[in-house]
Structures are given as structure tokens and as C-alpha cells.
K.L.:
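Please see the structure below; I have some questions.
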Amino acid sequence: MARIMGKTITIGRAGLLKVSPIEVIALIMMAIIFLFILLPVISLFLKISPDSFFGEFNNAVVLDALRLSFITSISTAIIVLILGTPVAYINARYNYPGKVLIDTIIDLPVVIPPAVAGIALLMAFGRMGVVGQYLNMAGITVGFTTVAVVMAQLFVSSPFYIRQARSSFEDVDVTYENAARTLGASRVATFFYVTVPIAMNGLISGLIMTWARALGEFGATILFAGNFAGRTQTMPLAIYMTMEGGDLNACIALSIILVAISFIVIVAVKILTRGAVLNARS
Amino acid sequence: MLEVSVTKKLRDFVFDVNIEVNSGETLVLMGENGSGKTTVLNVIAGLAAPDEGHVRLDSTCFFDRASGQDLPPESRNVGYLFQNYALFPTMTVYDNVAFGLRMRKRPRAEIRTRVKYLLEEMGMWELQGERAVNLSGGQKQRVALSRALAIDPALFLLDEPLSAIDAEAQLSLRKELKQIIKGAGVPGIVVTHSIKDAHELADRVCLMEKGKIIASGNPEEVLRKGICRFIDGIMDAY
């Protein structure tokens with residue numbers, strides 16, 4: 001039972017819980033945000049029976065999309081890891097002319113709308129594109145292939161890893177690297193045996209973020225790579241197509257798979273970044 | 001013999017140092033924070049590049065502006081004890097001490113024998129599997145010393161070796177440190193803020209101010225009032 005006493009609302013026996021009006025308002029706001037995000041997610045699960053959900057794993061559209069999504073997003077993550085790690089390390093440790101410009105360009109895809117990214121890629125690498133016309137003459141077609149899917153994903157998702165990797169490298173006290181050098185380790189050996197292990201949790205969480213962003217990529221992919229089943233139709237594109245075609249069960253099943261992955265990603269990144277801070281500061 | 005004669009433009013002043021340290025001799029560097037003591041160590045270890053001058057150890061030239069010689073830190077074989085020990089947090093005590101030997105591609109069995117010997121000498125063998133982050137200040141110092149000794153250094157550089165250790169443990173560690181440096185028979189440079197360290201460890205003391213050595217001599221000569229403000233300040237605190 002609650003009774004209003006001046007500015008405090010006392011709830012329960014002998015005022016075990018004293019809540020001020022401002023806290024009540026804050027609680028209501030939190031509840032609104034919490035429900036606004038959680039309710040649609042839960043609704044996905046309420047609108048499909050477990051049997052129908054698991055039945056969709058025999059649906060060719062769903063299976064093709066799953067397979068293609070994993071192949072392309074994992075390829076993207078590997079390419080970002082190989083190309084992005086040296087860049088992240090150099091930007092964390094060294095100053096050079098034009099560093100601010102490079103940094104800004106690396107971050108640009110985060111703010112460019114994915115649809116614009118798709119058009120930009122098409123203008124560059126499409127059959128008539130700035131680079132694409134020469135590729136075309138050499139008999140190489142990029143647009144509307146699986147390679148284009150990976151390129152679209154690379155474009156939009158690379159900043160997540162590179163930014164996280166850079167800040168993880170910055171957190172590694174340079175004294176550890178100096179100590180390794182005096183003990184006889186070359187620059188490269190120091191990087192692999194000392195710096196990377198200390199920054200590891202941050203690197204993995206950045207890579208997971210990039211992979212997750214690649215997995216969810218839609219706008220740039222559909223514009224640059226098109227929507228062809230088995231070739232360029234990743235899970236988000238398949239969701240769009242099944243929805244258009246009225247196959248709601250396939251649509252919801254794919255959505256639930258992506259929601260589950262997203263949830264795992266968020267939990268993993270939270271655990272890893274907490275560990276990274278403990279590691280680098282010790 | 002270690003010969004250092006270097007200049008380097010730093011943000012607030014010009015770092016200009018000339019020192020010579022004989023084998024088996026220990027030089028103690030004292031001076032206020034920011035006077036360039038650690039820079040001396042870094043220049044010798046190859047972690048900072050001087051603008052002019054040379055650094056030589058016996059017949060090996062570490063750095064010489066005139067001839068363009070600049071040995072990278074990994075080729076200088078310097079035993080450097082860092083101020084906060086810089087033990088690799090992701091590695092065990094054993095792996096920390098073995099690190100330098102592994103980089104030298106020594107055989108496994110030899111590494112094990114050497115690491116075991118050093119850690120036993122320091123009374124740390126029981127903690128060999130412990131992660132370095134879980135050790136106390138004194139334990140970290142012993143592991144860091146073992147790690148620096150493992151590579152049979154041609155030169156010892158110690159930056160505030162006892163500052164992270166409580167006063168009681170300092171007394172015994174100071175004596176051990178002296179034995180270790182003397183036992184190695186190589187030139188040694190110790191940076192410290194402590195008059196006790198200087199008296200116990202030094203054959204010679206150099207006082208630094210704004211990148212230059214302003215006084216040099218045996219501890220009795222240098223560590224008395226009226227030499228410089230920094231020493232006056234410390235003496236008053238006693």
C-alpha cells in the first residue's frame with residue numbers, strides 16, 4: 001500500500017522502500033524504453049510456433065541465406081582483421097602527416113547512410129563505374145556478385161573493428177613494448193607476443209562488432225550486389241524478399257536467428273571489454 | 001666501459017650528458033623529476049634516439065651520429081629494470097623470465113635450467129606458475145630482476161628499483177641488489193630518489209638538473225648539504 005506523505009511515497013510496511021517523485025518519473029521512463037525495445041523483439045517469438053520455426057530450416061531460401069550470410073560476413077571479418085590491424089596499431093602509436101584525414105576517412109562509413117554507400121560502390125566498381133569499366137574490360141565483373149556482397153559489408157563494417165582495435169592498442173602501456181625490446185624482441189615479435197595478447201579482448205570484441213554489422217548489412221548490399229538467391233541474398237535481404245512474397249514464417253524465422261546472434265554478440269562484447277580494461281590497466 | 005656522450009633537444013631544455021661507467025662500477029643518478037634521469041637510461045637502451053653524440057659499450061658501438069650507427073634495442077643486450085617493473089600481465093612468472101631467452105631461440109632445456117636457477121636464487125620458484133599481476137611489489141621486483149638477469153646483460157639499467165616496495169622490505173632488497181649488480185661485473189646505472197639507495201649502491205653519484213650533470217663524485221662528496229637544492233631538500237626531509 002502506498003500513501004503520499006509530503007514529498008515521499010512510502011511503499012509497503014513501515015516504509016521499507018522510500019521513493020521520491022523524481023525517482024518514480026525516472027522509473028517510468030526506464031520502463032517505457034525497456035518495453036519499447038523488448039516488446040517488438042518478444043513479439044517475433046510470439047508470432048511463430050516452435051514447430052514452424054524449426055520447420056523453416058528445411059526452406060531453401062532460409063538455408064541459402066544463412067549459408068551466404070555466414071560465408072560473406074566471416075570473409076569480411078577476416079579481411080578487416082588483416083587490413084585493419086596494422087592501420088589501427090600505426091594510428092595508435094605513431095604520428096604522421098595526414099593522420100587526422102586518414103582517421104576521418106576510416107570513420108566515414110559509420111555516418112554514411114548504407115544506401116549511399118551502395119550507390120557509391122556501384123559508381124566506383126559497377127560495370128560503368130570509375131574503376132569498374134576497366135575491370136569490365138579485363139573481363140572482371142564485381143557488381144551483383146558474392147564479391148560485391150563482401151565489398152558492401154567491408155565498406156560499412158570496417159570502422160567498428162579499426163576503432164576498437166586502435167583504442168585497445170592505445171590502452172597497452174608502451175613500457176611493456178619497451179621491456180620486450182630490451183629483452184631481445186624485434187618490433188614484430190613484440191607486437192605478436194606482447195601487444196596483441198594484452199589487447200586481445202578489445203580486438204576480439206571489435207571484430208565481433210564488425211562481423212555483426214556485416215551480418216546485418218542491407219542497404220549497401222541490395223543496391224550494389226542486388227538480391228539474387230544463393231548469390232547475393234544474405235539474411236537481411238531474404239527477410240525483405242520473404243516479407244514481400246508473403247512467406248511470413250520464413251521472414252520471422254530469419255529474424256529470430258539474427259536476434260539471437262545479436263543478443264549473443266552484445267553479451268560477448270560486454271564481457272570482453274570489461275576484461276580488456278582489467279588487463280591493460282594492471 | 002660504457003661511454004655516453006649525447007645531446008638531445010627536449011621540450012623544456014637541451015639534454016646534454018657525458019658519462020663513463022667502468023665494468024663492475026655502479027653509477028647512481030639522482031635529481032628532480034623531469035631532470036632527464038630516465039632519458040639517460042632510454043638513450044643507452046635504444047628506446048630514445050639522441051640528436052648528436054655517441055653511446056659505446058667496450059668495443060660495441062650502440063649509437064654514433066657521425067657514422068649513422070644505431071643498434072636497435074633488441075641488439076644491445078641491456079638488462080633494464082623498469083620503474084613499475086613492466087612484467088607482462090598476460091604471462092606467468094616463468095614466461096616473463098623465459099621471454100628474453102625464447103627471443104634468443106635458446107633450447108627449451110637450457111631455458112628451463114636458467115629460469116629455474118634464477119627464480120630459485122630469488123626465492124620465487126614456487127610462484128613460477130602465478131600470473132605476474134597477482135604478485136606483491138617485492139615479488140614483482142624479484143621477477144623483473146630475474147628477467148633482466150636471464151639474458152646475461154652486458155649492462156644494467158635500473159629505474160627506481162626500490163620505489164614500489166614498502167620500507168621494511170627495502171632494507172634487505174637493497175643489499176641483495178648490490179650483490180646482484182656487483183656479481184654481474186658489468187657497468188650499472190641506477191636511478192633513484194633515495195639517499196639510502198645511493199649510499200648503499202653507488203660507487204659514484206651524479207646529480208642531474210635540467211638535462212645536465214651538475215655534480216659528480218663518490219657518495220660522501222656529493223650527498224651533503226649545499227651541493228644543490230634537490231639534495232638540500234632530501235637532506236632536510238631526513
Side-chain angles (χ1 to χ4, degrees), chain A residues 81 85-86 88-90 92-97 164-208 268 271-282, chain B residues 38-39 41-48 62 71-92 95-106 111 131-135 140 143-160:
Chain A
L81 178 71
T85 306
Y89 184 74
I90 289 165
R93 280 284 183 263
Y94 302 100
N95 277 316
Y96 56 87
Q164 174 68 52
R166 181 193 163 156
S167 81
S168 301
F169 286 140
E170 276 172 347
D171 281 347
V172 177
D173 190 334
V174 77
T175 316
Y176 294 128
E177 294 176 354
N178 285 341
R181 296 295 300 282
T182 64
L183 288 166
S186 66
R187 272 175 204 271
V188 175
T190 299
F191 179 74
F192 284 108
Y193 292 122
V194 174
T195 314
V196 167
I198 296 174
M200 188 58 95
N201 285 353
L203 299 182
I204 294 174
S205 78
L207 201 60
I208 291 175
I271 292 170
L272 285 168
T273 42
R274 205 178 47 197
V277 171
L278 292 176
N279 228 341
R281 298 282 148 79
S282 53
Chain B
T38 299
T39 307
L41 304 189
N42 286 343
V43 160
I44 297 169
L47 300 172
F62 282 0
L71 273 187
E74 61 267 31
S75 307
R76 297 191 183 196
N77 205 34
V78 167
Y80 196 149
L81 189 75
F82 290 83
Q83 193 170 356
N84 293 315
Y85 309 127
L87 293 177
F88 305 130
T90 53
M91 296 183 200
T92 61
D95 289 337
N96 263 281
V97 179
F99 186 84
L101 299 168
R102 285 183 181 146
M103 290 301 120
R104 283 165 178 71
K105 307 233 167 5
R106 296 284 167 75
I111 293 175
R131 289 254 238 140
V133 282
N134 300 330
L135 304 179
K140 279 184 185 166
V143 175
L145 265 176
S146 308
R147 187 174 73 173
L149 281 165
I151 60 171
D152 268 323
L155 174 67
F156 250 126
L157 305 173
L158 300 98
D159 196 354
E160 301 275 6

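Order of the sequence lines fixes the chain letters, A, B, ..., with proteins taken first and strands second; residue numbering starts at 1 for each chain.
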K.L.:
Over 60° means perpendicular and under 30° means parallel, so classify the ring planes of A:F191 and A:Y89, tilted if in between.
P.N.:
perpendicular

K.L.:
Is any side-chain N of the basic residue among A:E170 and A:R166 closer than 4.0 Å to the acidic one's carboxylate O?
P.N.:
yes

K.L.:
Under 4.5 Å heavy-atom distance to chain A, tell me which part of B:R102 shows up: side chain, backbone, both or neither.
P.N.:
neither

K.L.:
If you take all heavy atoms of A:Q164 and A:G202, which pair is closest and at what distance?
P.N.:
CG-O, 3.0 Å

K.L.:
Find out whether B:L155 and B:R76 are in side-chain contact, i.e. whether some heavy atom of one side chain is under 4.5 Å from a heavy atom of the other.
P.N.:
no

K.L.:
Go through the atoms of B:L87 and report whether side chain, backbone, both or neither lie under 4.5 Å from a heavy atom of chain A.
P.N.:
backbone

K.L.:
Less than 4.5 Å to any heavy atom of chain B: does that hold for the side chain of A:A189, its backbone, both, or neither?
P.N.:
side chain

